[in-house]
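Read the structure below first, then the notes.
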Number of protein chains: 2
Amino acid sequence: MNQEKKIPDCPVEMTLQLIGDKWKVLIIRDLLTGTKRFSELMRSVSGITQKVLTSHLRNMEADGLLTRKVYPEVPPKVEYTLTETGYSLKPILDSMVTWGTNYKNRLD
Amino acid sequence: MNQEKKIPDCPVEMTLQLIGDKWKVLIIRDLLTGTKRFSELMRSVSGITQKVLTSHLRNMEADGLLTRKVYPEVPPKVEYTLTETGYSLKPILDSMVTWGTNYKNRLD
DNA sequence: CGGTATCCGCTAAGATACTG
DNA sequence: CAGTATCTTAGCGGATACCG
């Protein structure tokens, strides 16, 4: 369902199609600091449910933003890591941090 | 309904709360080039409906991202302009454009 | 022209239970 | 631990009609 989307002309729409979702941005924020396990993401992306986290991670994997590595052991262990493409989103996140900080200060 | 949101600690969440919506990003993109009338936005933000555009514009006005100016004439004329705060989102949009362009090129 | 006012379908997302 | 599998619900957004 994620791979059937048409490619938009507008670069902004292109970007939105991949990370236009609130949860995705938060997932990327948390993966920018390094590889994380599923349970770690559940904790750091506060408020998300298992189902939603799973589905977003799958979509992002299909879009080439992150990789999923399963360790065949008991108990299971799955790690998620940003690809180069995913990591290249950092500037966007950085500007969001900068802006958010300024906006917040302006509220005080 | 937009003014009752709690202020998040995380700057990224702060930003997402204000422009975490796909439509809002597109509205800002189109207003970055200057003041626009309602009907112009309807055209440039392709795919949006009147109701949704109206409600987003109202929310963004309440958040201080843009101003709404009504000209008391017939036929009515309403103009929307980014505030300084709204305009300060430009770096975020710019990085989205850059990223989207690169990603698209990578698809070819 | 620039909106409201309804009605309503759809799907993202929540809750809960179960499993390899 | 890291998921499926169901079922359920909220509310976003579409369609349409009407108004100042």
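Convention: sequence-line order gives letters A, B, ...; per-chain numbering from 1. Since this is a predicted model, take the numbers as computed values, not measurements.
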Hey, which sits more toward the 5' end of DNA chain D by its nearest nucleotide, A:V78 or B:H56? A:V78
Length of the CG-P vector between B:L53 and D:dC12, whole Å: 16 Å
Short side-chain N/O contact from B:R68 to OP1 or OP2 of C:dG3, under 4.0 Å: yes
Quick one: which of C:dG14, D:dC1, D:dG14 gets closest to the side chain of A:W23? C:dG14
Which residue pairs pass the side chain to side chain donor-acceptor pair (under 3.5 Å) test with at least one member in residues 43-56 of chain A, sequence neighbours excluded? A:D21-A:H56, A:D30-A:S44
For a quick check of understanding: with a heavy-atom distance under 4.0 Å over all strands, which category does B:P76 fall into, base, sugar-phosphate or nothing? base
Tell me the interatomic distance from B:L26, atom CG, to D:dG13, atom P, rounded to whole angstroms. 12 Å
Can you find a donor-acceptor N/O pair under 3.5 angstrom joining the side chain of A:K51 to the base of D:dG3? no
Is it the case that B:K36 places NZ or CZ above or below the six-membered ring of B:Y80, under 6.0 angstrom from the centre and within 45 degrees of the axis? no
Can you tell me how far P of C:dA12 sits from CG of A:L57, to the nearest Å? 16 Å
Would you indicate, yes or no, if D:dC1 has its OP1 or OP2 atom less than 4.0 angstrom from a side-chain nitrogen or oxygen of A:R37? no
Can you tell whether the side chains of A:K22 and B:E13 come within less than 4.0 Å, N to carboxylate O? no
Could you state the atom-to-atom distance from CD of A:Q50 to P of C:dT19 in whole Å? 15 Å
Interatomic distance, A:I27 CD1 vs D:dA2 P [rounded to whole Å]: 15 Å
Can you find a side chain N or O atom of B:S39 that sits less than 4.0 Å from OP1 or OP2 on C:dG2? yes
Output the rounded distance in Å from NZ (A:K36) to P (D:dG3). 16 Å
Does the side chain of A:T67 come under 3.5 Å of the side chain of A:T83 through a donor N or O and an acceptor N or O? no
The nucleotide from D:dG14, C:dA15, D:dC1 with an atom nearest the side chain of B:T49 is D:dG14
Please confirm whether the shortest side-chain N or O distance from B:R58 to OP1 or OP2 of C:dT4 is below 4.0 Å. yes
Just how far, in rounded Å, is P of D:dC12 from CG of A:D21? 14 Å
Without decimals, in angstroms, what is the distance between B:E79 CD and C:dG3 C1'? 16 Å
Sidechain N-carboxylate O distance under 4.0 Å for A:E79, A:R68: no
Under 4.0 Å, counting only non-hydrogen atoms across every strand here, what does B:Y80 touch: a base, just sugar-phosphate, or nothing? sugar-phosphate
